[in-house]
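Heads up: the structure comes next, in structure tokens.
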Amino acid sequence: LLHSIRKKTLTGGETSMNILGFGFRYKEVGYIHINVLQHGNISVTTPKSLYTFLLNGGIKGITKDLNQSNHIDLSKLSSSNSIYTEISGGYSHKLNEQWTIGGKVKFLLGQAYLGWRNKDLTINASMDKWDFKGNGDIVVAGPINMNALPQHINKSEIDAINTNELFRTDNVATLLKPSGYGAAIDLGFAYKPIEQVQITTAITNLGFIYWSNSCKYTTSIDTSFTSFGDFGYGDYVINNSFQMDSMLNEIGDNIARITDAVHTKFSSKGFARMINMNFNVGVDANFWNNRVGVGVVSCTRLIDSRLYEE
């Protein structure tokens with residue numbers, strides 16, 4: 001299984017809901033369409049070193065010498081999650097029997113964004129000590145009061161968040177106001193070398209959103225923890241009963257120790273992020289008077305400044 005995992009793996013999902021859509025023909029060779037859509041995107045990029053550590057059983061599984069340290073590189077660990085509304089207008093034009101071109105202009109209203117990137121994060125883990133070193137950033141945007149967010153990412157300040165001040169539920173207009181604005185375009189063409197075969201190419205979502213109601217945490221860590229490697233399933237089995245609460249409490253305590261050691265710098269400046277761009281190439285063919293059709297498609301995606309293919 002490990003041999004089949006790439007250096008970085010993208011896991012995510014996309015959802016789109018068509019709120020409004022209509023179109024009409026223009027001079028027999030053109031087609032104009034107007035759409036309003038709601039989009040949601042979730043993506044997490046994980047490095048292969050993380051799967052190597054987990055699938056090999058953690059420290060106890062991959063360390064033959066208990067004094068040996070294992071290097072885990074998490075520099076490529078990142079995530080990008082967004083919710084936004086698209087208001088778009090498009091036009092396609094049939095040039096002749098072989099060529100059709102089209103494009104779309106989009107106005108984007110951003111509702112929420114959460115993302116993080118590790119610029120240089122490594123863990124040297126052994127049975128008696130874990131060394132954390134690296135830096136990165138976390139960005140947040142949404143219909144919330146950014147001044148009510150904690151200035152530092154630690155358990156005490158997170159527990160002290162005042163949700164009434166954060167969400168300002170008494171002001172509905174604030175909750176409905178977009179947190180960012182942006183624009184994007186789609187471009188594409190279709191070519192039919194013969195009647196039964198069509199080749200299509202398109203670039204979609206070439207654009208960005210500038211998130212104005214936002215904040216950024218610049219993070220860094222350079223510290224060591226003891227007693228992290230002393231962790232195993234058997235440690236929580238008492239009288240043939242697995243103590244789930246005990247395990248979750250210890251995991252929570254360890255996470256709190258890490259967050260308390262992270263140095264953060266809070267900034268309320270806005271930031272720009274590209275939306276997930278797609279480059280698609282497809283070929284399809286129809287047979288038997290269009291009763292049977294086959295096709296192939298290649299999709300290259302640009303997500304959080306990184307390319308992925310499928």
Side-chain angles (χ1 to χ4, degrees), residues 4-46 78-108 182-209 273-310:
S4 63
I5 297 177
R6 298 184 177 184
K7 291 184 179 180
K8 56 184 180 182
T9 300
L10 173 67
T11 305
E14 299 178 351
T15 179
S16 295
M17 181 176 65
N18 196 345
I19 300 174
L20 175 66
F22 63 91
F24 53 91
R25 291 201 172 275
Y26 177 72
K27 293 184 178 180
E28 299 299 325
V29 294
Y31 187 78
I32 297 173
H33 52 97
I34 307 295
N35 295 95
V36 179
L37 298 99
Q38 184 67 31
H39 296 284
N41 299 301
I42 299 175
S43 64
V44 179
T45 301
T46 48
S78 63
S79 180
S80 177
N81 313 280
S82 61
I83 301 173
Y84 64 92
T85 302
E86 168 196 323
I87 304 173
S88 62
Y91 176 73
S92 61
H93 186 86
K94 186 176 182 180
L95 298 176
N96 51 47
E97 293 301 319
Q98 289 184 310
W99 291 92
T100 302
I101 61 173
K104 182 185 289 187
V105 177
K106 305 177 180 182
F107 180 58
L108 309 177
I185 60 172
D186 294 351
L187 298 171
F189 71 85
Y191 172 62
K192 299 183 73 171
I194 58 177
E195 181 63 28
Q196 293 81 15
V197 177
Q198 179 173 253
I199 302 171
T200 57
T201 300
I203 297 176
T204 63
N205 292 338
L206 181 58
F208 68 94
I209 297 176
R273 285 290 186 273
M274 292 187 67
I275 59 176
N276 296 346
M277 189 199 76
N278 303 309
F279 177 65
N280 302 318
V281 178
V283 179
D284 61 85
N286 298 302
F287 309 97
W288 197 16
N289 293 325
N290 294 327
R291 292 188 180 94
V292 178
V294 294
V296 293
V297 63
S298 170
C299 180
T300 301
R301 303 183 178 212
L302 180 64
I303 301 177
D304 201 20
S305 301
R306 292 171 178 167
L307 288 173
Y308 302 89
E309 296 180 351
E310 63 180 58

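Keep in mind it's a predicted model, so treat the numbers as computed, not measured.
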Q.
Any salt bridge linking E195 with K192? Criterion: basic side-chain nitrogen under 4.0 Å from a carboxylate oxygen.
A. yes
Q: Scan T204, L206, V105, I203 and name whichever one has a side chain to side chain contact (heavy atoms under 4.5 Å, CB included) with D186.
A: T204
Q | L37 atom CG: more than 12 heavy-atom contacts under 6.0 Å | A | yes
Q. Counting only heavy atoms not in R25, do more than 12 fall under 6.0 Å of its CZ?
A. no
Q.
Around atom OH of Y26, are there more than 12 heavy atoms from other residues, nucleotides or ligands closer than 6.0 Å?
A. no
Q: Of all the heavy-atom pairs spanning V44 and S79, show the shortest one and how long it is.
A: CG2-OG, 3.7 Å
Q: Determine the minimum heavy-atom distance between G293 and N286, stating which atoms define it.
A: CA-OD1, 3.7 Å
Q. Where do Q98 and P193 come nearest, in terms of heavy atoms and distance?
A. NE2-O, 3.5 Å
Q.
Let me confirm one number: the CG-CD1 distance from N278 to I303, rounded to the nearest 0.5 Å.
A. 7.5 Å
Q. Side-chain donor-acceptor pair under 3.5 Å between Y91 and H93, yes or no?
A. yes
(Q) Let me confirm one number: the CG-CZ distance from L10 to R301, rounded to the nearest 0.5 Å. (A) 8.0 Å
Q: Return the minimal non-hydrogen interatomic distance between I34 and G89, and the atom names on each side.
A: CD1-CA, 3.9 Å
Q. Are there more than 12 heavy atoms of other residues, nucleotides or ligands under 6.0 Å from atom CZ of F208?
A. no
Q: Would you check if there is a donor-acceptor pair between the side chains of K106 and N205 at a distance under 3.5 Å?
A: yes
Q: Please check if any side-chain donor atom of S43 sits under 3.5 Å from a side-chain acceptor atom of N41, or the reverse.
A: no
